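This is a predicted model, so every value here is computed, not measured. By convention in this document, chain letters (A, B, ...) are assigned in the order of the sequence lines, proteins followed by strands, and residues within each chain are numbered from 1. Just so you know, these numbers use all the heavy atoms, side chains as well, and skip hydrogens, waters and symmetry mates.
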Number of protein chains: 2
Amino acid sequence: MQQKTQQGKLRQKKVVDFHAVKVACKECSLHQLCLPRSITGADLEKLDDIIERKRPLKRNEHLFQVGGSFNSIYVVRSGSLKTYSPTVDGQEQVTGFHLPGELLGLDAIGKGKHPCAAKALETTSVCEVPFENLEGLSQELPTLQHQLLRLMSKEIFDDQELMLLLGKKTAEARLSAFLLSISLRFKQRGFSSAEFYLSMSRNDIANYLGLAVETVSRMFTRFQEDGLIEAERKHIVIKDREMMQKIAGMNECCEEPTDEQSQLFV
Amino acid sequence: MQQKTQQGKLRQKKVVDFHAVKVACKECSLHQLCLPRSITGADLEKLDDIIERKRPLKRNEHLFQVGGSFNSIYVVRSGSLKTYSPTVDGQEQVTGFHLPGELLGLDAIGKGKHPCAAKALETTSVCEVPFENLEGLSQELPTLQHQLLRLMSKEIFDDQELMLLLGKKTAEARLSAFLLSISLRFKQRGFSSAEFYLSMSRNDIANYLGLAVETVSRMFTRFQEDGLIEAERKHIVIKDREMMQKIAGMNECCEEPTDEQSQLFV
DNA sequence: CTAAATAATTGATAAATATCAATTCTATAC
DNA sequence: GTATAGAATTGATATTTATCAATTATTTAG
């Protein structure tokens, strides 16, 4: 028990790679998931020039607040964040979790204001990409424009996947699909897809999935009893992925892309 | 009763404006909602040149199918469509409704394939915008690139609004928010926001909102009993918008934009 | 215009999830 | 290290919504 907690702490430390903060796009391990994809040489340096690397955020620090004016989009380098919106009844509604390589702020371009707030779930570093500069550079570099449009399209696609989830399913389907989604995203970033640490609380998960915390907790318990997962607090091991996919009621869209698919059509 | 049905039919006819089908972007009433926004003169003609106006779709005809290869994005000129995805259990899950001025296909850019199908809910005409040409032209015209990014951002924003809805609320909150959303979208297109016809079935609404048809039907009945709406089949009159907003648990993001806001930052 | 098919409504019951309450576990501050 | 606050779990109950079944209304096809 004590040991597992130790593991958790060790891993949290490993995630924060302060050396990486100053690394150029060229060297960045997220290169393939990020805007620089398919840009090279002098063009890559132009992009590199407009990107600002901010000091890491501590846990619970905000990257931006609701209603804050939109100037930049952000890419997570390490750590993770949640985005959330206030609701009338003074509650907050979690709208997303953001892992390394994922973008934040794309929903703010239209109105010029952030419709949601972003808060770090752990020590987290991000790259800031001033949007005006990015637009300007995209004007010069067709492949950058294309990649930007692709990433925005992916965001739309991912949101619709989630809508499928929230719209229809039972509590167990929602949680199962959530865990598989996190697993897949870790895998795409070069981490294990079978074993990982959740940086968000059960409360955040419940809120995100539109369930009560108690229900989420009970589902974790049930999944363990049924041998689908091992869960020790935030440490999760996927034991029976196939069954979880069945429970999640997944269609082929949600499954892991083959190498072919993941290359897309750059 | 007979009369109301008549009204319904008349309105359906009015929506289909065959003359409009050949009209250039310059003349199109959706100009301000669409890609041509903030483009004029020779540039507008360039855009106009790449846009194809397709023959109107009949009710239940498909604009594109799931898995179909992505070549173009589409703008609804008149009529309406639903998009939907197949689920494992052979059902379909409705992912969106698309009214005049709204775009379809943005979720397909990333993978190059349509993750959902689009089917006309009534006689419907669309503009087809070949995506390669649009990308090329956006490369030339900064304001077009900007508008394209804005529209994609709006799509992301709208999807997240819906997620807020599906994630948390009760059946009555969902239906109320749905009706208010449709109302607002009609208003933005110059139609009445207090009285309109729903082109989709109760089944589609229920599916979209993640509820059983029976539940939706009961909610319509309850809303009428409580004097919130008048509903005669597909004909809806909003009687107490304020109360509906309360029930929907809306935050300021969902409300009608002021003139200021609706100008955005073009 | 009539018959058949489809869509919508209504009622009764079952199932799922939220809520309330209490307890245990974990992390944090001193 | 201990005390305290916060997070997670578990149980009992209430509420909501889905499901099943039947009826009515509307649209479509001939």
**Q** Heavy atoms from C-beta onward define the side chain here; which of C/dT9, D/dT26, D/dT17 lies closest to that of B/Glu232?
**A** D/dT26
**Q** Regarding B/Lys119 and B/Glu92, does a basic nitrogen lie under 4.0 Å from an acidic carboxylate oxygen?
**A** no
**Q** Quick one: list whatever passes side chain to side chain contact (heavy atoms under 4.5 Å, CB included) with B/Ala212, sequence neighbours left out.
**A** B/Glu214, B/Thr215
**Q** Does C/dT26 have OP1 or OP2 under 4.0 Å away from a side-chain N or O of A/Lys234?
**A** no
**Q** Determine whether B/Ser199 and B/Phe97 make a side-chain contact, defined as any pair of heavy atoms from C-beta on separated by less than 4.5 Å.
**A** no
**Q** Check whether any side-chain nitrogen or oxygen of B/Arg59 sits under 4.0 Å from OP1 or OP2 of D/dT28, and answer yes or no.
**A** yes
**Q** B/His235 NE2 to D/dT26 C1': how many Å, rounded?
**A** 17 Å
**Q** For B/Asn203 and D/dA18, what is the distance between atoms CG and P respectively, to the nearest whole Å?
**A** 13 Å
**Q** I need the CG-C1' distance between A/Asn60 and D/dA5, as an integer number of Å.
**A** 14 Å
**Q** Answer yes or no: is there a side-chain heavy-atom contact under 4.5 Å between B/Val126 and B/Leu81?
**A** yes
**Q** Without decimals, in angstroms, what is the distance between B/Arg174 CZ and D/dT17 C1'?
**A** 10 Å
**Q** Who are the side chain to side chain contact (heavy atoms under 4.5 Å, CB included) partners of B/Lys58, not counting sequence neighbours?
**A** B/Glu61
**Q** To the nearest angstrom, how far is A/Ile205 atom CD1 from D/dA7 atom P?
**A** 13 Å
**Q** Got a sec, which residues hit side chain to side chain donor-acceptor pair (under 3.5 Å) with A/Glu155, two or more places apart in sequence or on another chain?
**A** none
**Q** Protein within reach of the bases, or only the backbone? For nucleotides 10-16 of chain C, mark each nucleotide 5' to 3' as B, S or -, using heavy atoms under 4.0 Å.
**A** BBB----
**Q** Between atom CD in B/Glu122 and atom C1' in D/dT27, what is the gap in whole Å?
**A** 16 Å
**Q** Taking CG from A/Leu121 and P from C/dA27, how many angstroms apart are they, rounded to a whole number?
**A** 16 Å
**Q** With side chains defined as the heavy atoms from C-beta onward, is the minimum distance between A/Arg59 and A/Thr123 less than 4.5 Å?
**A** no
**Q** Answer yes if the side chains of A/Thr95 and B/Gln160 hold a donor-acceptor pair under 3.5 Å, and no otherwise.
**A** no
**Q** Residues in ring-ring contact (aromatic ring centres under 6.0 Å, His included) with A/Phe196, at least two apart?
**A** A/Phe186
**Q** Please give the angle, rounded to 10 degrees, between the axes at the start and the end of the helix from C/dC1-D/dG30 to C/dC30-D/dG1, where five pairs define each axis.
**A** 60°
**Q** Nearest-Å distance, CG (B/Asn207) to P (D/dA18)?
**A** 12 Å
